[in-house]
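Notes for the one structure printed next.
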Amino acid sequence: MEEVRTRFPPSPSGYLHIGGARTAIFNWLFAQKTGGKLILRIEDTDAERSSEESIRGIIESLKWLSITWDEGPYFQSQFINEHVAAAQKLIQLGHAYKCFCTKEELDKKREEARKKKSALQYDGTCRRLTSEEISKKEAAGMPYTVRLKVPRGKGSVLFEDMVYGFIEKKYEDIEDFVIVRSNGRPLYVLSNAVDDIRDRITHVIRGQDGLANTPKQILIYRALGAPIPRFAHMSLTLDPKKAKISKRTHGELVAVHFYKEHGFLPWAFVNYLALLGWSTSDSREIFSKEDLIEAFSLEGISRANAIFDVRKDDPKFFTDPKAISINTHYLRNLPVEEIEPYVRAELEKAGMWDPDFEGMKRDWFLHTVDVIRSRYHVTTDFVTLGRPYFSEDYPVEPKALEKNILKHEGLKAWFPILADRLEALKTFTAEEAEHVIREMAEEFEIKAGILINGIRAAVTGLAKGPGLFDVLIAVGQRRVVERLRKAVTFF
RNA sequence: GGUCCCAUCGUCUAGCGGUCUAGGAUACUGGCCUCUCACGCCAGAGACACGGGUUCGAUUCCCGUUGGGACUACCA
């Protein structure tokens with residue numbers, strides 16, 4: 001059996017956005033699943049819009065997602081000669097012709113067609129040129145484009161898309177489209193097909209926006225006498241207003257790096273993206289890398305477009321709630337060691353990393369991460385909500401201060417006593433601490449909750465968090481005592 | 001305008017003629033748990049766009065309508 005070869009061909013005109021990432025992921029999954037290869041090809045022929053920086057960004061994002069490719073990156077711009085040569089071959093073969101119509105003439109014709117409300121196709125003027133006429137125009141130095149000679153008559157292009165099924169397009173609905181500009185530079189339809197032929201791509205997996213262009217490309221393959229690859233078009237990703245997501249209107253919110261910066265675990269993000277427009281019949285949603293590759297199949301791709309439920313300015317969700325929930329799932333359920341590097345990266349970025357966290361304090365560090373992550377959604381929470389555990393410089397929430405400390409004046413007297421008693425503990429365990437605190441509540445005839453919530457606020461500055469006794473262990477005896485003593489200054 | 005594609009809860013989706021009083025997830029609401037907030041557990045609300053066929057029977061097949069999307073460039 002022939003080896004499967006897929007490709008991801010981003011054009012480097014900006015960052016990698018979620019639509020592109022999804023395309024890359026599906027190509028990668030299919031290659032992995034079939035034991036095939038993924039080729040990375042940078043389609044940088046539009047020099048105006050391409051940039052080195054963009055290429056770096058895209059590659060960085062792919063690496064972050066841990067999408068690996070087997071060949072490339074190749075650069076389309078290095079093969080322009082091949083594209084032009086292919087066009088020349090097509091002219092020689094009689095499958096393409098030179099068109100001397102000017103842009104102005106074409107625009108005029110198109111405008112007229114628009115007025116008459118008829119299809120605005122090229123009328124084939126230059127297709128009918130005699131060789132003498134062509135030579136004359138060429139001799140006169142007239143610029144020309146190259147158009148593919150689409151078969152005329154009753155037939156049609158028929159192909160079976162692996163997602164959408166049989167697609168048929170009549171020849172009469174396909175115009176003699178341009179494949180080379182008048183300045184001699186090839187067009188995307190041509191370059192892309194020629195590159196895919198050279199790279200021996202067997203499966204073209206791309207967005208549904210390529211569906212309408214597929215018949216044209218098939219015509220190019222045929223004219224060039226090249227084997228036609230299998231096509232699989234995937235539904236598009238739309239925004240909540242059903243508009244195609246774009247860098248322009250959504251900015252960073254649709255950029256892969258945005259999710260890296262906002263505390264997403266890369267695999268969680270891949271998992272979420274895989275679920276946008278793809279599913280299994282058992283509706284499973286959480287997949288390890290191995291499971292996902294195992295479960296993946298093109299049949300599971302849905303034909304209807306999916307909405308990326310981004311919520312701009314939503315106070316509760318900074319992005320699609322489902323994406324967050326999947327991230328939360330991984331953040332809380334993965335072995336702590338696996339999220340350790342991500343937490344470390346956040347702490348380092350915030351200047352809160354202590355080398356001892358990977359040395360003598362590692363057990364404490366892992367345990368603390370394990371305790372506090374149960375309430376977190378993104379890794380950045382470790383440096384915001386997690387501050388009191390890793391730093392002495394943490395804010396006190398006004399609400400926590402108000403509700404859990406100031407509201408109970410007795411705490412002013414109780415905090416120092418608690419500090420003394422906790423300090424006196426020889427073995428500082430959750431059980432011992434709980435015993436001390438509950439006993440004291442009984443002694444002073446108050447609800448334990450008053451002490452517990454007060455201590456939480458005093459020790460972490462927060463009104464919410466893990467069970468207090470776990471918090472005490474994580475913060476540690478010395479710091480707990482210190483913070484309790486300092487808390488009297490709040491009153 | 002032309003061509004093509006699509007249409008199940010707010011969102012992601014299962015469903016491939018009877019198993020559907022339509023399942024899961026997420027989000028939402030209520031309850032339990034409880035030292036707070038989560039988690040977890042239980043419960044609730046929430047969808048087959050519409051109209052015709054075909055069929056003994058349509059969410060499922062066909063046609064139309066409506067709605068949405070893509071393509072239609074000497075952009076990639």
Side-chain angles (χ1 to χ4, degrees), chain A residues 9-13 43-46 48-50 76 99 101-103 106-107 110 113-121 143-147 161 164 167-170 172-175 177-189 191-192 207-216 233 235-236 238 240 242-244 272 275-286 302-309 311 316-317 320-326 328 332 374-377 400 403-404 434 437-438 441 447-457 462-469:
Chain A
S11 63
S13 57
E43 303 210 325
D44 58 344
T45 42
D46 187 343
E48 292 285 304
R49 293 194 298 176
S50 298
Q76 187 168 63
C99 172
C101 296
T102 64
K103 188 139 198 217
L106 294 172
D107 285 345
R110 218 174 272 130
R114 197 183 295 278
K115 273 186 202 147
K116 283 193 292 190
K117 296 203 184 245
S118 57
L120 19 123
Q121 280 194 18
Y144 60 86
T145 60
V146 179
R147 286 180 185 272
D161 188 90
Y164 287 93
I167 304 284
E168 186 175 13
K169 181 111 172 170
K170 296 199 205 74
E172 60 186 55
D173 290 326
I174 308 173
E175 68 173 346
F177 54 96
V178 177
I179 53 177
V180 179
R181 295 182 182 84
S182 54
N183 65 8
R185 301 192 45 218
L187 243 46
Y188 167 75
V189 254
S191 304
N192 189 260
Q208 198 224 73
D209 45 355
L211 193 57
N213 276 324
T214 305
K216 290 183 183 174
H233 287 87
S235 50
L236 264 21
L238 273 25
K242 299 207 168 179
K244 206 170 155 183
Y272 163 75
L275 255 26
L276 256 190
W278 175 83
S279 62
T280 56
S281 53
D282 61 359
S283 297
R284 195 144 72 99
E285 309 219 290
I286 300 294
S302 92
R303 284 173 286 276
N305 292 338
I307 290 171
F308 178 51
D309 202 9
R311 311 176 165 203
K316 200 160 174 201
F317 301 102
D320 191 325
K322 187 130 194 177
I324 294 178
S325 88
I326 290 175
T328 301
R332 296 179 187 176
S374 61
R375 262 128 262 244
Y376 295 171
H377 297 94
K403 220 176 68 185
N404 297 332
E434 175 163 14
I437 291 163
R438 290 203 187 275
K447 283 200 288 188
I450 293 176
L451 288 182
I452 290 172
N453 290 323
I455 297 170
R456 177 181 290 106
L462 300 168
K464 19 174 147 167
L468 179 75
F469 311 112

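Only this structure's heavy atoms are used, side chains among them; waters, hydrogens and symmetry mates stay out. Just so we're on the same page: letters track the sequence lines, and every chain starts at 1.
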For a quick check of understanding: with a heavy-atom distance under 4.0 Å over all strands, which category does [X] fall into, base, sugar-phosphate or nothing?
| X | value |
| --- | --- |
| A:Lys447 | nothing |
| A:Ser11 | sugar-phosphate |
| A:Lys242 | sugar-phosphate |
| A:Lys316 | sugar-phosphate |
| A:Arg375 | base |
| A:Leu236 | sugar-phosphate |
| A:Ala463 | base |

Rounded to whole Å, how long is the line connecting atom CD1 of A:Ile307 with atom C1' of B:A47?
14 Å

What's the closest nucleotide to the side chain of A:Arg332 if the choices are B:C39, B:G69, B:U11?
B:C39

State which of B:A27, B:C35, B:U11 makes the closest approach to the side chain of A:Phe317.
B:A27

Check the pair A:Val180 / A:Thr145 against side-chain contact (heavy atoms from CB on, under 4.5 Å), numbers first and verdict last.
CA-CA 5 Å; A:Val180 179; A:Thr145 60; over 6 Å; no

Taking atom P in both B:G24 and B:A43, what distance in whole Å separates the two?
10 Å

Could you work out, with side chain to side chain donor-acceptor pair (under 3.5 Å) as the rule, every residue matching A:Asn305, not counting sequence neighbours?
none

Can you find a donor-acceptor pair, distance only, under 3.5 Å between A:Arg185 side chain and B:C74 base?
no

Would you kindly compare A:Glu285 and A:Gly210 by the position of their nearest RNA chain B nucleotide and give the one closer to the 5′ end?
A:Glu285

If each of A:Pro321 and A:Arg311 is mapped to the nucleotide of RNA chain B with the nearest heavy atom, which maps nearer the 5' terminus, i.e. the 5' end?
A:Arg311

Look only at the side chain of A:Ser11 and the backbone of A:Ser13, and say whether a donor-acceptor pair between them is shorter than 3.5 Å.
no

In terms of side-chain geometry, is the basic nitrogen of A:Asp44 or A:Arg49 positioned less than 4.0 Å from the acidic oxygen of its partner?
no

